[in-house]
Structures are given as C-alpha cells and as structure tokens.
Amino acid sequence: MISIDFANCLSSRVGAHGVDPAKISPGSAAADAIQSHTARLAKTRGTGWERWRELPFDPMKKDHLAQVKAAVKAAHGKFDNLVVLGIGGSALGNIALQSALNPATYNLQAPVDRKGPRLFVIDNVDPAYFASVLDLCEQQGGLGRTLFNVISKSGETAETAAQFMVIRDLLKKALGPNYGSNIVAVTDPAKGTMRQICEREKFTTLPVPDGVGGRFSVLSPVGLFSAAMCGIDIDALLAGAAAMDTRCSNPTLAQNPAAMLATLLVELGTSLGKPNHVLMPYCNQLYLLADWYRQLWAESLGKKNDATGNPVYAGFTPIKALGTTDQHSQVQLYREGPNDKVLGMIEVEHFSRDVTIPTGLGVDALQYLEGKHMSALLAAEKRATEYAFVDSLRPNYTIRMPRVDAHHVGEFISLWQIATAYAGLLLNIDAYDQPAVELGKQATFGLMGRAGYERFQTQVHGALGATEWVV
Ligand code: PA5
C-alpha cells in the first residue's frame, strides 16, 4: 500500500521551516482537530457534495460498474478511436488514468497490441488541435469507427458544448440517422442541458451522480468509461480507492494518511509561509496525475471567504514537476529561491520494466554507471535530491507507491480527495464550490452573444478597452 514519509517536513530535519513534532503528537490540538473532523466527515459522507466518498463502495460501485461494463461491451470491436470531449473535472481524471495505467506509446501501438481503441482527450477549444485529432480519426478508421465520449455534468460548459456541436454535425453528415451510435454521453442522470439533448437524440448515457462535483468524479463513470474502454482494470482501481478510504476513516492522526497530509500541508502553508505545493513524481507515468491533483487542490481550497463569509483568501498554489527531468530545470529555484514551497515527491518502488546500463564503454568517468539498473539511478537521484532539499532546509515529503497499477492509482486518488476534504475543514472553507470560475464563464457568454449576458460586452470592453500601454 501507499505510504507517506514526512520526516523531512518536521523541524527536527528542516529547523524553523518545519512542523514541530509536538504539534502533531497524540493529544496535540492538531490530533484533536482530526478526531473531530473525522467524526464530522463520517456523518457527512455519502450526503450533499460528499457523495463522492461512496463511489468505491456498493451500491454506487455495483451500479456504475454494471452500466460502464455494459456500455464497453456494446462498443467492443466497433471502434478504432475513442475521443473524450470534456474539460476540467470532466477530462483531467481521464487523462491521468490513461497516462498512469497504459504505456506512453499506447496510441502508436498496433491494434493487436493495444487493449482498446486509440484514446484522445480533447480538453480545449484550440481549433488547430481539435481539427488535427479529427483529421487523424478520419484517416485512421474514419468517423464511423470513432466513438465520442462527451462528458459534461451540466451540458452548459461552452468548450464541451462547442466540441459536441461540431462532432454531432460531422457524424450526422457522415453516418446519417444512426449517428447517435457513435456517442456515449456522461452527464447528470436527471437534469441539465446535456441530459435534455441525450433524451431527445437517444444517446447511450452514463451518470455523473448527484452530489459528485467534477474534480471528485474520476472514480464515477466520468473516468471509468474511457479507462475501461482502454483495458484499464476499473475493479482494481475502485478496490484501491476503497482500501485507502478505510485507512483514512481512522480518527487517529498518526494512522490516517490523508489527515496527516492535510495537517502538514495546511500548517506549512499557513503558519510556516509555504503556500506553494510542488508535486514531483519520479515516474513519467504519474506526471499527468499531478495535473489532476493541481485542479483538486487549487479549485477546492482557493477561496476568498471562510464558512462564515469572512474574507480569508485561503489556498495553496499547486505546482507540478517531474523527477529527474526538473532537477535540471527547477531544483535550483526550489533550493535557493524563496523558501515558500513544500516539495512532495512520488517514489515508485518497483517499475514494470527495467533497463540495464551495459558494461564495456571503458571511460573512467562513466564507469560507476556500468552494469547498474536505470531504476537504481532514478532512485539514487531522488534520494540525493531529497538530501539536497533537507540540506537547504526545504520541507519535503515522499509518497511511496509500491508499483504503478490500478490498485495503487486508486489509493492515490482517494488519498488526495480525502486530504482535500480534511484541508477544507482545517481551513474552514467550502471545498466543493468554485464561485470565482463563474465571472469568466458569464463574460464569455456575453462576448459570444448569449441572450441575457449582453451587459458583459460593455463591461468587458469598459474594463479592458483601448490602451496606449502596448509595446
Ligand atoms: O470541477 C469542476 O466542477 C469543473 O472543472 C467542471 O468539471 C468543468 O467546468 C466541466 O463542467 P461540466 O462537466 O459541467 O461540463
């Protein structure tokens, strides 16, 4: 199972830049706070915006697995390409699962070597990018052999709606009245614009359950359908998430990984001046999981007001980095720049493959590499960087993952989701809303001419109008 080594976050290692161990010991205020927050989370789990806690457990799990597997079975053998259309919480989890659990070369593999269709997750409206993926689908199998997985809880998100309108039109022209067989929509089971479209056009649909917000939805059909289509073991993923959830339901701080992660990061981020949180996997496969983490940590905790409405400007800036790559790009800053960061490294104990560096080059300066495994070099580089961070009094921790497989990725997802719930309570903010995202969405509607939002045309131009400050 995943473990977190947090010794380097403590003052015993990094002096005044670390947390005093007495502050997290049994009987401390932090330990008491976790006890009461755990009791509170036990009461709220499965209700309101905390329905995501129940995703890895029956009856939700059973229901979702049955629906997802039926949709995968119905699509089996019919498609060469799967294109996910979604954004934010309706795309980042899909990208993370695919990159963590299938080879980086997946889309380039021959069909017999792949466990499913090629996968593209288009989470933007960059027209050149969008068009190039559609071109490739046309060339590789054609639109008839391309399945579009439209994911939108609301159906109102401009980016996803625009993408959907384009592919619906293309499919209709290419396939005629049966175009709907090339669409699987994941949306609210009862309401919303996408739901209305699905009912009208009779698409296959899968649910984004009530009370499961975008950034907490990866373990629902939002993430599960594309993963299962590409051969990822979604049963193991949910089993890993459930196992971590059980560990993180423990009221004892020292035995609850999510509570400890949240306690340390909130303490370091607020009292000790480290509001920047770097997640640095030493594993390419996990790099895009850091994008998923960035949304979860940023959108959940970045809040102007606390639960009583007082301005607090809470939140931490999540940053992603890759070891060892970013040792040659970012570590100079991390060690000698402002001491305002917590460095979170991810270490994989057993890689699925290893490479031996050959002997026989005969150059003294490189002799030390001969006969060694590449995984040993990676591990040494990580350990050395950890040592260097401690040497410059930079708080850091290591998430240790025995191997990168569906079970451990499920554990990792659950760990961060529950840590986010604890951090929300510790900061006394609502971790489940995103009020600041609204203004930009509404101004976009205004600029694009949506009825009811016309006022934004004058407001935007008034605020950003012609200026001489351009060089
Ligand atoms: O976390 C969130 O709530 C957002 O990132 C949403 O997932 C994103 O805006 C997409 O929303 P929707 O699924 O309604 O299209």
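Throughout, residue positions are numbered sequentially from 1 according to the sequence presented. Remember, it's 1-based here, ligands and their atoms both numbered in the order they're listed.
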Visitor: Return yes if a side-chain donor-acceptor contact under 3.5 Å exists between Tyr453 and Thr444, otherwise no.
Guide: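 Result is no, nothing qualifies.
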
Visitor: Centre of Tyr287's six-membered ring, under 6.0 Å away, within 45 degrees of the axis: is that where NZ or CZ of Lys320 sits?
Guide: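 That pair qualifies as a cation-pi contact.
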
Visitor: Any ion pair linking Glu267 and Lys274 (charged N to carboxylate O, less than 4.0 Å)?
Guide: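 No salt bridge links Lys274 with Glu267.
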
Visitor: When the ring centroid of Trp49 is compared with that of Tyr432, is the distance short of 6.0 Å?
Guide: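 Here the rings of Tyr432 and Trp49 have centres that are no less than 6.0 Å from each other.
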
Visitor: Verify whether one side chain among Arg215 and Ser300 offers a donor that lies under 3.5 Å from an acceptor in the other.
Guide: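 Short answer, yes.
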
Visitor: Does a salt bridge link Asp210 with Lys191, judged by any charged N lying under 4.0 Å from a carboxylate O?
Guide: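 Judged by the 4.0 Å cut-off on N to carboxylate O distance, Asp210 and Lys191 do form a salt bridge.
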
Visitor: Please list, by chain and number, the protein residues whose heavy atoms come under 4.0 Å of ligand 1.
Guide: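 These residues qualify: Ile87, Gly88, Gly89, Ser90, Ser152, Lys153, Ser154, Thr157, Gly214, Arg215, Gln295, Glu299.
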
